[in-house]
**Q** 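Can you keep this structure in mind? I'll have questions shortly.
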Amino acid sequence: MLTQLTGVGPSIAKRLSESGYNSIEAIAVTTADELAAAVDVGKSTAQKIIESAREVLKIGFETADNLYEKRKNIGRITTGSKNLDSLIGGGVETQAITEVFGPFRSGKTQLAHQLSVFVQLPAEKGGLNGKALYIDCEGTFRPERIIQMASAVDLDPKKALKNIWCARAYNSDHQMLLCQQASELIKKENLKLIVIDSITSHFRAEYIGREMLARRQQKLNKHLHMLERIADIENVAVLITNQVMAKPDTFFGDPTEPVGGHVLAHVPQTRLYLRRSKGNRRICRLVDSPWMPEGEAVFIITAEGIRDP
Ligand code: GTP
Ligand code: MG
């Protein structure tokens, strides 16, 4: 009940619901500016409402033993490749954001499809018995591919499709709104994976030129922090993909870098750099992980999905 929050009476509760803030979780992950604009209240009132939501959900300081208990609930989703799984410590983790970046055709979207299928498997087969939510920003989600990947592991393709909630995001605001709405579906639908493919394409297209850069980064930062809170509060895995762009004035090393620069570099807990190799081979480099050593793994993309070579 939203009215249990400080500062929320029946009329504000109604306005909150009408603006898509249907749950305490959705309010807890938003920012005061957004909430103030959406329900037409002052920023300080909005801040109080958000704080109250975070209090109800017990977000804030906690002692390390609680944190330890919570971390025991981290789930892992297999990628389909044992090489890749061991590189990242057993699969893609819940309570965290995993970023997959790399050039076109490196396999980012394929990995996103694969995880949307494998999250549905029971734990003993490497899944989390849950559903996926797929925010498609580039129009490259293919149900046909899901059918192929599901059939390959004897999942009923019809059921597999029903277990994936999809939305096409048409611009960066829409993309952010979809994430906010996602937080309502999570418990109701037992979502265990949220995919955003790709996180930066709209931002990159809409905020062009140097003078727009600061605003773009600010907004991207907000978006990522919302995702981070969702992953954390709801115990879901968040997978974001990201293109790389040419880095001017590079003389040594890799001449590309992920879009989004330092904002994106600091939020995701795990960053994977994919690149093409011979034929259907792909090389994945673990660039950043809180507790796994850096390293590389080779996997292949087959008709059945992601596998070991
Ligand atoms: P961009 O979104 O363009 O940046 O690329 P991406 O990194 O998302 O690439 P994506 O995951 O779409 O990978 C495309 C590649 O996957 C293709 O070039 C194929 O090599 C492979 N692939 C895609 N679908 C199939 C399939 O049905 N069978 C097989 N064997 N390979 C596939
Ligand atoms: Mg793609």
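Just so you know, ligand 1 is whichever comes first in the structure, and atom 1 is the first atom listed for that ligand.
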**Q** Any side-chain donor paired with an acceptor under 3.5 Å for Arg215 and Gln218?
**A**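 Side chains of Arg215 and Gln218: no pair found under 3.5 Å.
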
**Q** So is Arg275 in contact with ligand 1, going by heavy-atom distances below 4.0 Å?
**A**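 Heavy atoms of Arg275 never come under 4.0 Å of ligand 1.
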
**Q** Tell me whether Glu69 contacts the main-chain N or O of Asp65 through its side chain, where contact means a donor paired with an acceptor under 3.5 Å.
**A**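 Looks like no, no N/O pair under 3.5 Å.
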
**Q** Mark the output for Gln148 as yes if a heavy-atom distance to ligand 1 is under 4.0 Å, and as no if none is.
**A**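 Judged by the 4.0 Å heavy-atom criterion, Gln148 does count as contacting ligand 1.
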
**Q** Has Thr109 got an N, O or S atom lying less than 2.8 Å from the Mg ion (ligand 2)?
**A**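 Yes, since at least one N, O or S atom of Thr109 sits under 2.8 Å from the Mg ion (ligand 2).
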
**Q** Keeping His225 on the side-chain end and Asn221 on the backbone end, is there a donor-acceptor pair under 3.5 Å?
**A**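 At least one qualifying donor-acceptor pair exists.
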
**Q** Tell me if a side-chain donor or acceptor on Gln175 pairs with a main-chain N or O of Ala169 at a distance below 3.5 Å.
**A**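 Judged by distance alone, no pair lies under 3.5 Å.
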
**Q** Looking only at heavy atoms of Pro103, does any of them come nearer than 4.0 Å to an atom of ligand 1?
**A**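 It does; at least one heavy atom falls under 4.0 Å.
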
**Q** Specify the closest pair of heavy atoms between Ser201 and Glu138, including all atoms of both residues, with the distance to one decimal.
**A**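 So the two residues come closest at CB-OE2, 3.4 Å.
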
**Q** Only heavy atoms count here, so choose which of Ile301, Val100, Asp197 is nearest to atom 32 (C) of ligand 1.
**A**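 The option holding the nearest heavy atom is Ile301.
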
**Q** Has Lys14 got more than 12 heavy atoms of other residues, nucleotides or ligands less than 6.0 Å from its NZ?
**A**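 Result for NZ/Lys14: open.
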
**Q** Is a side-chain N or O of Lys48 found less than 3.5 angstrom from the main chain of Val8, in a donor-acceptor match?
**A**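 No, Lys48 side chain to Val8 backbone: no donor-acceptor pair under 3.5 Å.
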
**Q** Where is the nearest protein heavy atom to atom 26 (C) of ligand 1: which residue, which atom, and how far?
**A**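 I find the closest protein heavy atom is Arg145 CZ, 3.4 Å.
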
**Q** Quick test: of every protein heavy atom, which one is nearest to atom 18 (O) of ligand 1, and how far off is it to 0.1 Å?
**A**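 Of the protein heavy atoms, Arg105 NH1, 2.9 Å lies nearest.
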
**Q** Quick test: of every protein heavy atom, which one is nearest to atom 7 (O) of ligand 1, and how far off is it to 0.1 Å?
**A**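 Result: Lys108 NZ, 2.8 Å.
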
**Q** I want to know if ligand 1 touches Gly107 in the polar sense, i.e. an N/O pair below 3.5 angstrom.
**A**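 Yes.
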
**Q** For the backbone of Gln180 and the side chain of Ser183, can you confirm whether one donor and one acceptor N or O come within less than 3.5 Å of each other?
**A**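 At least one qualifying donor-acceptor pair exists.
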
**Q** State whether a side-chain donor-acceptor pair under 3.5 Å links Asp85 with Thr79.
**A**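 The criterion, which ignores hydrogens and geometry beyond distance, is satisfied for Thr79 and Asp85.
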
**Q** Looking only at protein heavy atoms, identify the closest one to atom 20 (O) of ligand 1 and say how far it is in Å.
**A**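 Its nearest protein heavy-atom neighbour is Arg282 NH2, 3.2 Å.
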
**Q** Please tell me if the side chains of Arg282 and Gln110 come closer than 4.5 Å, counting only heavy atoms from C-beta onward.
**A**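 Arg282 does not reach Gln110 side chain to side chain.
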
**Q** Please write down residue, atom name and distance for the protein heavy atom closest to atom 3 (O) of ligand 1.
**A**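 Protein heavy atom with the smallest distance to atom 3 (O) of ligand 1: Phe104 CB, 3.3 Å.
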
**Q** Please could you name the atoms of ligand 1 that Ser106 approaches to less than 4.0 Å, counting only its heavy atoms?
**A**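 Per the distance check, 6 (P), 7 (O), 9 (O).
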
**Q** Work out whether the distance between some heavy atom of Glu138 and some atom of ligand 1 is less than 4.0 Å.
**A**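 Yes, that is the case, since the closest heavy atom of the residue is under 4.0 Å from the ligand.
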
**Q** Run down the list Thr302, Thr109, Val244 and name the one with the heavy atom closest to atom 8 (O) of ligand 1.
**A**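 Residue with the shortest heavy-atom distance to the ligand atom: Thr109.
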
**Q** Can you tell me the protein heavy atom closest to atom 11 (O) of ligand 1 and the distance?
**A**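 In this structure, atom 11 (O) of ligand 1 has Gln110 N, 2.8 Å as its nearest protein heavy atom.
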
